[in-house]
Amino acid sequence: MVINVQNLVKRYGNLLALDHFSLQIEEGEVFGLLGPNGSGKTTAINCILSLLKYDKGTIEIFGKPMRPDAYSIKQDIGIVMQNVAVFQELSVQENIDYFCGLYVKDRQKRRELVEEAIEFVGLQDFRKFHPKKLSGGLLRRLNIACGIAHKPRLIILDEPTVAVDPQSRNSILEGILKLNQQGATIVYTSHYMEEVEQICSRIVIMDKGKTLATGTKEQLKGMIKGGETLTVELFGLKEEQLEAIRRLPHVTGAEYDGTRLTVHCSGGAHNLIRLLDYLRGQELSFGRVYAEPPTLNDVFLEITGKHLRD
Amino acid sequence: MFLHVFTGRLKCLTRDKLMLFWTLLFPVVLGTFFNIAFGNIMNITEEFSPVKVAVVESAGYQQNEAFRQTLDAVSQPGDGQLLIVSVVGGEEADRLLKSGEVDGILEVDGEVRLTVKESGMNQSILKAFLDEYAQKSAAIGKLLRENPQADLSGLLDDMGKESFVNEATLSGAKPDTMLNYFFSLLAMTALYGSFWGLRNSTDIQPNVSALGSRRSVAPTHKMTAVLGDAAASLVLHVAEMLLVLAYLIFVLGISFGNQVGYVLLTCLVGSVTGISFGTFMGCLFQKRDGLKTALLIAVTLFLCFLSGLMMVDIRTYINLYAPVLSYINPAALITDAFYCLYVFESHTRYFLNIGILCGISALFCLGSYLLIRRQKYASI
């Protein structure tokens, strides 16, 4: 096991930031820590990294207790902070070299690692640039390069895509998957459910310092009653037909606004085929049809009664 | 690892233009302004002006021929003129004294009496002149009583020809009170090393900056990082102080005496004090960086004000009314160290200043260590 956190409790005065938070992460996973802002994700990461004191609980990394002076453990950890943490006066190359040098003493080896990191994040054309000359996306990439240049076994990324344009975000996410393919275990915190769904093999959903649910995205979606949502564009649907649709198997609700029919289903298979068969049987012609599977937001909504970004 | 941290830090600091402005360019600019402002004052060769004195016309004055001849001798126009004598009536003499047209009134009534309305340089000269006259006339009287045939001509000839004012330094350097501004300026430069110390402490504490977090999770011992940063800032700041010193000496022509080794030692110790002061402030206050910088500027300037940077007389007042302040104010200690090297040959007072500065630096370092040594934080 790469990370084993048991019953972590952390208080800021009267505020309970982590409430018996537990976490187990296996080698080779891309593990997502998903929760709204203020849910305790960064606090959990800072406790795991031994930056923050905590009131109760145990933390082990690579099977050893994590302490501030556990340098052999720290040697194998890479951290990408939520806030960009680079020196403004150093160039891209110098920044990566500086942080890599805190882990790797051998200069020749370090030079190779720095080059690899620059290529990995695609900053070859910007190696002599200083951070203030870089765009937000490029700056985030530099931030990542500084955290991963020494090829750590465990990489912790704390909301690395905040305030990043979609193109750079995709590039960052692809890079994270590449790091995982190269053998690194990834811990990824975010409040963007799409990102977590896209790259994480296992996810913990947390709120108010508590673990709400843990599992693969399929397992998490399977935990909720709400299933897929079907949308059909059509005209002339009568009230008795709408009632009939509401009585179809697995349908939990249906609305019609004169042009669009929206049907909510709870699990079950072939819901869309069943609905379209009914509409054809009623000789109703329809336009575009959408079927949306449940999202992690639906999971969060059902568990907490609020949206992830509330 | 120390070397890696040191070189990385040195690169960062040498490229920090804003800090370089405050720690190097600002003292140079201020020194230039000082030189322009005080240049004329420093270059003026002070010419001695004869002291104006009123002598009350009286029978005693007319009968005392020796005194009249002496006054004639010292009031002869020329380089050696000591007095400008006006022989007037008693009321006129009082009026002249009250209106400030003369510095004193001499009355001869058996003995010579001096009346002044205030104390000052000219009044002191008159007093010294009369003392000398009284001493020599008494000696002449005694000699004539013992040997009426003695030739005493010329005994009173030298009266007033010796210098009554002589400013000197024990080290032999040319005295100049305006130099204190430049000593204070160098003390300010030394204390501006606190900006480097502040930046060091900001970049190492995870509860203050993201850089601090990143560096704290690296497998580098915290003290290695702290010492590497401190060494880099010390090297840079000592170099800055030497540049400012060289500018003052070689470009502006300011003299710091001839004890070069001790002047350099003062720069080094002043730098250590400045950097340790900034580090301590950075560890003590967990406020925003801008606020801490503003606080540091305010404290540093206040300490420099007390050392005489803006008004040289403030040092005199502090020494008179609150001397303890001079022993706990690093700016005053650095200023006084330069002053001692310039004025005194003995190093007792100099080493007392340096010793106290070392003690203050040690306290700042100890305080910083106690605040920074914690490895986990309650909040970030």
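In what follows, every chain begins at residue 1, and chains take the letters A, B, ... in the order their sequences are listed.
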J.: Is B:Arg214 reaching over with its side chain to a backbone N or O of A:Ile79, donor-acceptor style, under 3.5 angstrom?
T.: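 Yes, B:Arg214 side chain to A:Ile79 backbone: donor-acceptor pair under 3.5 Å.
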J.: CZ/B:Arg15 to CG/A:Leu90 distance, rounded to the nearest 0.5 angstrom?
T.: 6.0 Å
J.: Would you please test A:Leu51 and B:Asn207 for side-chain contact (heavy atoms from CB on, under 4.5 Å) and show each step?
T.: CA-CA 9 Å; A:Leu51 288 173; B:Asn207 57 337; over 6 Å; no
J.: Please determine, among B:Thr7, B:Val217, B:Thr224, the option with the most heavy-atom pairs under 4.5 Å with chain A.
T.: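 Winner by heavy-atom pair count: B:Val217.
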J.: Show the nearest heavy-atom pair for residues B:Ala218 and A:Tyr103, with the distance to one decimal.
T.: CA-OH, 3.5 Å
J.: Using a 4.5 angstrom heavy-atom cutoff, name the option from A:Glu89, A:Glu94, A:Gln82 with the most pairs to chain B.
T.: A:Glu89
J.: Working to the nearest 0.5 Å, report the span between CD1 of A:Ile45 and OG of B:Ser213.
T.: 12.5 Å
J.: Against chain B, label A:His130 side chain, backbone, both or neither, depending on which of its atoms sit under 4.5 Å from a heavy atom there.
T.: side chain
J.: Under 4.5 Å heavy-atom distance to chain B, tell me which part of A:Arg107 shows up: side chain, backbone, both or neither.
T.: neither
J.: Should the heavy atoms of other residues, nucleotides or ligands under 6.0 Å from CZ of B:Phe33 be counted, would the total exceed 12?
T.: no
J.: In terms of heavy-atom proximity below 4.5 Å to chain B, should A:Asn95 be classed as side chain, backbone, both, or neither?
T.: neither
J.: Using atom types as modelled and distance alone, determine if a side-chain donor or acceptor of A:Lys74 lies under 3.5 Å from a backbone N or O of B:Thr220.
T.: no
J.: Quick one: what part of A:Asn143 sits under 4.5 Å from any heavy atom of chain B, side chain, backbone, both or neither?
T.: both
J.: For B:His4 and A:Tyr98, take the angle between the two ring planes, folded into 0 to 90°, and tell me which bin it lands in: parallel under 30, tilted 30 to 60, perpendicular over 60.
T.: parallel
J.: May I ask you to name which of A:Val86, A:Thr43, A:Ile73, A:Ile77 has the most heavy-atom pairs under 4.5 Å with chain B?
T.: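 Of A:Val86, A:Thr43, A:Ile73, A:Ile77, A:Val86 has the most heavy-atom pairs under 4.5 Å with chain B.
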J.: One pair to check against side-chain contact (heavy atoms from CB on, under 4.5 Å): B:Asp16 and A:Phe87. What are the steps and the verdict?
T.: CA-CA 10 Å; B:Asp16 189 336; A:Phe87 290 108; over 6 Å; no
J.: Is B:Phe302 atom CZ crowded by more than 12 heavy atoms from other residues, nucleotides or ligands, each under 6.0 Å away?
T.: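 No, not enclosed.
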